[in-house]
Number of protein chains: 2
Amino acid sequence: MVTVHDVARVAGVSISTVSRALATPEKVADATRDRVQAAARELGYRPNRAAAVLRAGRSGAYGLVVPDLANPYFAAVAKGAQERARERGAGLFIVDTDEDPDLEAEAIGALAPQTDGVVLCSPRAPARALDALGGRPVVLINHDVDGVPAVEADHRGGMRRALEHLRALGHHRIAYVGGPEASWSDRRRRAGLADASARYDDVEIVALGAFRPQVEGGQAAADLVVASGATAVITFNDLVAVGLVDRLRARGLDVPDDLSVVGCDDSYVASLVTPPLTTLHVDLRRLGRLAVDRLVATVPGRGAGTGAGVAPDVPVLDVELVVRASTAPPAADRPEGAL
Amino acid sequence: MVTVHDVARVAGVSISTVSRALATPEKVADATRDRVQAAARELGYRPNRAAAVLRAGRSGAYGLVVPDLANPYFAAVAKGAQERARERGAGLFIVDTDEDPDLEAEAIGALAPQTDGVVLCSPRAPARALDALGGRPVVLINHDVDGVPAVEADHRGGMRRALEHLRALGHHRIAYVGGPEASWSDRRRRAGLADASARYDDVEIVALGAFRPQVEGGQAAADLVVASGATAVITFNDLVAVGLVDRLRARGLDVPDDLSVVGCDDSYVASLVTPPLTTLHVDLRRLGRLAVDRLVATVPGRGAGTGAGVAPDVPVLDVELVVRASTAPPAADRPEGAL
DNA sequence: GTGAAAGCGCTAACAC
DNA sequence: GTGTTAGCGCTTTCAC
């Protein structure tokens, strides 16, 4: 293993100069810096992270906690976060908690001490999670706690867009198939929907809920939706929409002819299924990237530059409506044989 | 921060006894062990990983390199690997290389020195990857290099099953839509297909190829498949199958009426799309878990127990055919109106 | 601008 | 069975 000593010997300087030339090049004479960097490159020197961590107290690695990596939503966020961490030369531990609050707390307890900070994506037990962190730097994705830095998507705006789209098509009774009880996103969506519907006295919302955020959740919800008399439905996420469509089909109902369906997230399954889903698009990769940026800015040691502390505002990513084939005017509005 | 010194003071022993009581309890008197463990618990002691790493040269963390986390195949493998690493009390760095061989080599170079070993899943530039590892412990998933430990799926057997299924339905001209040039899985599948077809003189394989392992790859392949005169097609993975079906539909062709389609991997999209895909199932999570187990067995320090070294054989996971709605007898074989 | 030296917290010889 | 001690490779004062 090549150490600072080897580099120092080759470059003809002391080990402290090597350390400086590599970590803070501006504090070293140009000629020295070049010599050291050349030697390091030549020898294939790679700083030993463990030693640096031990000494400096910073690990250069972050954590990301997600409920389920197999969910395309979290996979996309993880991908973005990982990408950004790599660009910044940091490592990223990704932990999948399997939607289990106990595992979540445990994982955070294990992760926190060996990272410089953690991104918590859609925590299932936020209070315990923050507790397990013991005051270490953290950024929340899709959650909201007093003074904790966060990054979120504009769920309310998204819901308004979905509702206005359906209303424009002529729907007046719209069901919402909600996600997990503990989901903050779900609460925001319900609130957004309530707000938006309050602006139009010709639209009524039927909120259903607490369904699993997977295909099965949608299957379970379908019959309730049909019974509700709604002509259109908005679902917690795309997977739920897929399950819903599946069950409707099995009952001989057509989407969008008998019922219009709007998904959420625009994960790539939305465009894969039949019919392709009208859905709310969020740039999930960007969400992950932003969270890492924000986390890095929060961590004391390397405060990205300005050292101005962390801006207290929460970046909110736009949520856009993507119209595909799963929404159409309600059957009653259509002239025989049209669209 | 609570250190061994604090625990030692409270327990009334020396720091080395603390270290032993925690790491190798059997080498310490029962009473002492209890006292130390009680003190540690009471103080909320958490060993500083960085220090342990620095001293012991083992990091307790592994790496997993995948081409694309957003691909459900790799997401499932990652999930399994992560799960297993956690069960073993180890960390797992997951790195996504975006299908880029340069990034792959770079990521491995950065990962290797700070982990105890790396799992390489479907490496895109295996030679460079192994080179970048510099002889560190490694386990390959879906690849094959002389003496390097690996875990793989029985692609050949899978291909045989797919072919026999299609042949039993009455197909005699079968196309294969291949994946990336550099893909080892692709080569194995081609070989398996060639072997299997050699056993039946009434089956002919039309191998097409080098398509991207995503939906677009399938879309790009569709017209070639149609032109090939095949009545059935096997694709590199499920996403390719989805793209293929999509493009066939756009051309007014029906699956399975005009063409039967078999996917590969049984990622969850296979059951989501219309028609649900007949596909080859592999237990991807298990693949990830097995790879971690194997890696742990390879690493010298903690050699899971027996110390017998690593078994040289490569565990091969079964590949099973899952029949769904995308395969049927060829149109010519069907009586008017049947099935 | 550069070097000498002191540890960060832990483990593993080595004595006892 | 337990304590003493010497570092692991690095960063960071503190002198010069």
Side-chain angles (χ1 to χ4, degrees), chain A residues 1-37 39-40 43-61 89-91 112-116 299-302, chain B residues 1-37 39-40 43-61 89 91 110 112-116 299-302:
Chain A
M1 169 169 260
V2 186
T3 74
V4 275
H5 291 98
D6 302 315
V7 179
R9 195 164 8 81
V10 171
V13 297
S14 74
I15 59 161
S16 27
T17 301
V18 172
S19 178
R20 273 189 292 253
L22 267 25
T24 48
E26 71 278 8
K27 293 189 175 170
V28 154
D30 289 12
T32 318
R33 171 175 37 70
D34 292 348
R35 211 142 30 91
V36 171
Q37 293 184 343
L43 295 172
Y45 169 73
R46 292 228 171 232
N48 180 324
R49 213 138 190 171
V53 174
L54 181 56
R55 183 62 241 248
R58 255 177 288 110
S59 77
Q114 48 179 323
T115 55
D116 294 345
V299 173
R302 292 267 192 197
Chain B
M1 168 171 257
V2 185
T3 75
V4 274
H5 291 97
D6 301 315
V7 179
R9 196 166 6 84
V10 171
V13 296
S14 76
I15 59 164
S16 33
T17 300
V18 173
S19 178
R20 273 190 292 255
L22 266 26
T24 49
E26 71 279 9
K27 294 188 175 173
V28 153
D30 289 11
T32 319
R33 171 173 40 67
D34 293 349
R35 210 143 30 90
V36 171
Q37 294 183 343
L43 296 172
Y45 170 73
R46 289 219 170 242
N48 181 326
R49 213 135 189 177
V53 174
L54 181 57
R55 182 63 241 244
R58 254 178 289 107
S59 77
Q114 48 179 322
T115 55
D116 295 344
V299 173
R302 291 267 192 201

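Order of the sequence lines fixes the chain letters, A, B, ..., with proteins taken first and strands second; residue numbering starts at 1 for each chain. Because only heavy atoms are used, hydrogens play no part in the values below, and waters and symmetry mates are left out as well, while side chains stay in.
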**Request:** Would you mind telling me which of D:dC10, D:dG9, C:dC10 lies closest to the side-chain atoms of A:Met1?
**Result:** D:dG9
**Message:** Over all strands shown, is A:Ser19 touching base, sugar-phosphate only, or nothing at heavy-atom distances under 4.0 angstrom?
**Reply:** base
**Request:** Give the nucleotide from the list C:dG3, D:dT4, C:dG1 with an atom nearest to the side chain of B:Ser14.
**Result:** D:dT4
**Complete:** Assign each of B:Gly12 and B:Ala56 the nucleotide of DNA chain D bearing its closest heavy atom; nearer the 5' end lies the nucleotide of B:Gly12
**Request:** Please state whether the base of D:dG3 and the side chain of B:Arg20 form at least one donor-acceptor pair under 3.5 Å?
**Result:** yes
**Request:** Report yes if a donor N or O on one partner sits less than 3.5 Å from an acceptor N or O on the other, where the partners are the side chain of B:Arg55 and the base of D:dG9; otherwise report no.
**Result:** no
**Request:** In whole angstrom, give the distance that lies between atom CD1 of A:Ile15 and atom P of D:dC10.
**Result:** 9 Å
**Item:** Distance, rounded to the nearest Å, where A:Asn48 contributes CG and C:dG9 contributes C1'
**Value:** 14 Å
**Asked** What's the spacing between A:Tyr45 OH and A:His5 NE2 if we round to 0.5 Å?
**Response** 10.0 Å
**Message:** What is the distance, to the nearest angstrom, from the CG atom on B:Leu54 to the C1' atom on C:dC10?
**Reply:** 8 Å
**Rounded distance in Å - CG (A:Leu43) to P (D:dG9)** = 15 Å
**Prompt:** If you pin B:Glu26 and A:His5 to their nearest nucleotides in DNA chain D, which one's is more 5'?
**Reply:** B:Glu26
**Message:** I need the CG-P distance between B:Asp34 and D:dT2, as an integer number of Å.
**Reply:** 11 Å
**Prompt:** Is there a donor-acceptor contact under 3.5 Å from the side chain of A:Asp6 to the main chain of A:Thr3?
**Reply:** yes
**Asked** In whole Å, what is the span from the NZ atom of A:Lys27 to the P atom of C:dG3?
**Response** 16 Å
**Request:** Looking only at side-chain atoms of B:Val28, point me to the closest of D:dC10, C:dG9, D:dT2.
**Result:** D:dT2
**Request:** Assign B:Val53 to base, sugar-phosphate, or nothing according to its heavy-atom contacts below 4.0 angstrom with the strands shown.
**Result:** nothing
**Fill in**
Among D:dC10, D:dT2, D:dG9, the one nearest any side-chain atom of B:Thr17 is D:dT2
**Prompt:** What is the nucleic acid contact for A:Ser16, judged by heavy atoms within less than 4.0 Å: base, sugar-phosphate only, or nothing?
**Reply:** base
**Asked** A:Arg9 has an atom CZ; how far is it from atom C1' of C:dG3, in whole Å?
**Response** 17 Å
